[in-house]
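Notes for the one structure printed next.
Chain letters run A, B, ... following the sequence lines, proteins first and then strands; every chain starts at 1. Here the structure is a predicted model, which is why all the values come from computation and not from measurement.
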Protein chains: 2
Amino acid sequence: MGHIDLAAAEVDTPKLGRKRDHTRDPEILTAALDVLAETGYDRMTIDMVATRAKAGKATLYRRWASKAELVIDAVACMKNAGIDMANLPDTGTLRGDLVANIKPHSIQDGDRKIHVMAGLMSMISSEPGLADAVQSAIVEPRAKVNRLLLQRAIDRGEIPADSDVEKLSLLVASMAMYRTMVQRKTANREFLISVIDELLLPAVGLRP
Amino acid sequence: MGHIDLAAAEVDTPKLGRKRDHTRDPEILTAALDVLAETGYDRMTIDMVATRAKAGKATLYRRWASKAELVIDAVACMKNAGIDMANLPDTGTLRGDLVANIKPHSIQDGDRKIHVMAGLMSMISSEPGLADAVQSAIVEPRAKVNRLLLQRAIDRGEIPADSDVEKLSLLVASMAMYRTMVQRKTANREFLISVIDELLLPAVGLRP
DNA sequence: CGTATCCGAAACTCAGCCGTTTCGGATATA
DNA sequence: TATATCCGAAACGGCTGAGTTTCGGATACG
């Protein structure tokens with residue numbers, strides 16, 4: 001038994017020769033997300049991802065045990081991609097903060113995340129780890145920003161203290177998702193601002 | 001050419017023997033929607049539908065040319081299932097109308113439609129006829145009700161005439177879809193009412 | 001510079017599902 | 001009742017895609 005374990009350990013950590021090149025893992029994961037967003041989980045093939053990443057299919061299977069694990073890993077690596085929690089806008093008003101947070105990069109990142117989610121929709125209930133990955137990498141980061149901006153507005157007395165922060169923080173995301181998935185239109189800057197001005201701000205008692 | 005067309009016509013309308021039994025078509029379409037909502041389009045198989053409908057797979061292919069056509073037909077037949085446009089509530093207030101419209105049957109129907117849409121998400125962009133079927137059978141009927149109730153409120157001077165009826169009519173549907181698909185919670189009566197009271201009514205200047 | 005390991009390409013196995021066909025039994029029509 | 005057609009069950013063919021293996025060439029480590 002000891003012999004077998006030792007041999008396996010040696011296979012896992014080879015001492016000689018070329019080491020595995022992990023520098024291109026991000027490219028592979030990005031390619032996986034692209035294909036996922038474009039074609040959906042079930043119609044996405046490993047060959048598509050390999051081809052787009054200019055890699056061999058065997059290379060992918062040397063790194064990930066299955067298609068599902070590759071996708072879960074790809075989703076997880078979106079976690080801190082499009083949002084820099086460090087320097088959020090602080091304009092002094094809720095509207096100012098929300099609008100300042102709508103940058104081209106932010107719009108593009110949100111659109112990508114929605115399309116990835118759409119591609120995972122059918123799969124998300126059958127694959128257990130996937131729901132968690134989506135929640136912590138796609139949903140939560142976005143909600144966290146809005147919660148923070150709303151809480152600031154409460155702290156400075158701009159909006160009522162009993163505002164339903166949780167529901168309000170999901171309002172823009174919900175409308176953007178519906179517009180993208182159902183209406184098949186882009187959730188562009190002017191749409192997002194209109195949601196803020198016509199729905200979110202009135203809901204907390206601020207008439208723009 | 002005429003001979004061929006005539007022969008084909010005769011095949012389509014046989015004169016003798018047993019006639020095709022179409023009484024069980026609704027059961028088959030309902031079974032298709034059930035499987036669709038539970039497993040999604042790509043993982044749904046014709047055998048699943050046939051088994052659930054207690055029919056043979058061949059029977060399904062005698063009626064629909066392909067899996068895609070079966071699904072499109074099933075979606076299309078949801079059109080006037082859960083909504084009776086004839087006798088909508090008319091309580092005299094916007095809130096009264098909206099709340100009165102939330103009946104157990106209506107909640108269940110909405111939940112089912114959201115799950116069907118989730119099952120079609122990945123497919124909806126590649127299959128051309130599907131987007132139209134979803135739009136006219138699932139999305140539009142719901143939106144139409146809300147548009148009507150909002151328009152009534154405008155006509156009686158309860159809410160501003162320049163209210164964005166279009167955006168407001170999609171608010172509840174958007175929040176319900178997000179809650180069901182992303183948060184994986186049920187859009188039950190109390191959730192729907194809280195969306196109305198905390199978001200929709202304040203947005204039109206009505207504080208409940 | 002030698003060599004162990006990695007890489008990409010391609011061929012391969014295997015399972016699952018679409019769509020077709022066959023067949024014995026049931027059933028509505030004449 | 002006689003028969004043409006339908007029905008459900010089951011087997012079949014063909015294709016697609018997951019996952020594996022092989023192989024020549026490239027490459028980093030000693």
Run through A:Lys79, A:Arg142, A:Lys103 and flag the one making a salt bridge (charged side-chain N to carboxylate O under 4.0 Å, His left out) with A:Asp109.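 Of the listed options, the one satisfying the test is A:Arg142.
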Determine the contact category for A:Arg43: base if any of its heavy atoms lies under 4.0 Å from a base atom, sugar-phosphate if only primed atoms, P, OP1 or OP2 are that close, otherwise nothing.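 No contact.
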Base, sugar-phosphate or nothing for A:Met48? Non-hydrogen atoms, less than 4.0 Å.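 Since no nucleic acid heavy atom lies under 4.0 Å of A:Met48, the category is nothing.
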Between B:Glu140 and B:Arg147, does any NZ, NE, NH1 or NH2 come within less than 4.0 Å of an OD or OE carboxylate oxygen?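 Judged by the 4.0 Å cut-off on N to carboxylate O distance, B:Arg147 and B:Glu140 do form a salt bridge.
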State plainly whether the residues B:Arg20 and B:Asp25 are in salt-bridge range, i.e. N to O under 4.0 Å.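 No, this pair does not count.
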Let's go through A:Leu29 and A:Trp64 carefully: what are the C-alpha distance in whole Å and the side-chain angles of both, what is the deciding distance for side-chain contact (heavy atoms from CB on, under 4.5 Å) to 0.1 Å, and is it a yes or a no? CA-CA 11 Å; A:Leu29 293 173; A:Trp64 295 277; 3.5 Å; yes
Member of A:Leu98, A:Thr91, A:Val99 meeting the side-chain contact (heavy atoms from CB on, under 4.5 Å) criterion with A:Arg95: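 That would be A:Val99; it is the only one of A:Leu98, A:Thr91, A:Val99 passing the side-chain contact (heavy atoms from CB on, under 4.5 Å) with A:Arg95.
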Applying the side-chain contact (heavy atoms from CB on, under 4.5 Å) test to A:Val165, which of A:Leu148, A:Asn146, A:Ile154 qualifies?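 Testing A:Val165 for a side-chain contact (heavy atoms from CB on, under 4.5 Å) against A:Leu148, A:Asn146, A:Ile154 leaves exactly one candidate, A:Ile154.
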Nearest-Å distance for atom pair [atom1]/[atom2], residues [X] and [N]:
X        : N      : atom1 : atom2 : answer
B:His22  : C:dA28 : NE2   : P     : 15 Å
A:Asp42  : C:dC18 : CG    : C1'   : 15 Å
B:Ile46  : D:dG8  : CD1   : C1'   : 16 Å
B:Met123 : C:dC18 : CE    : P     : 11 Å
B:Asp47  : C:dT20 : CG    : P     : 14 Å
A:Lys54  : C:dC6  : NZ    : P     : 24 Å
B:Lys19  : D:dC6  : NZ    : P     : 11 Å

Nearest-nucleotide pick for B:Arg18, side chain only, options being C:dT29, C:dA26, C:dC6: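 Selected nucleotide: C:dA26.
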Between A:Ser122 and B:Asp42, is any side-chain donor less than 3.5 angstrom from a side-chain acceptor?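 Distance-only check fails for A:Ser122 and B:Asp42.
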For DNA chain D, find the residues of residues 56-69 of chain A with a heavy-atom distance under 4.0 Å and give them by number; none if there aren't any.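 Only A:Lys57, A:Ala58, A:Tyr61, A:Ser66, A:Lys67 qualify.
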If you compare every side-chain N and O of B:Arg20 against the phosphate oxygens of C:dT27 (OP1, OP2), does one of them come in below 4.0 Å?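 The answer is no; no side-chain N or O of B:Arg20 sits under 4.0 Å from OP1 or OP2.
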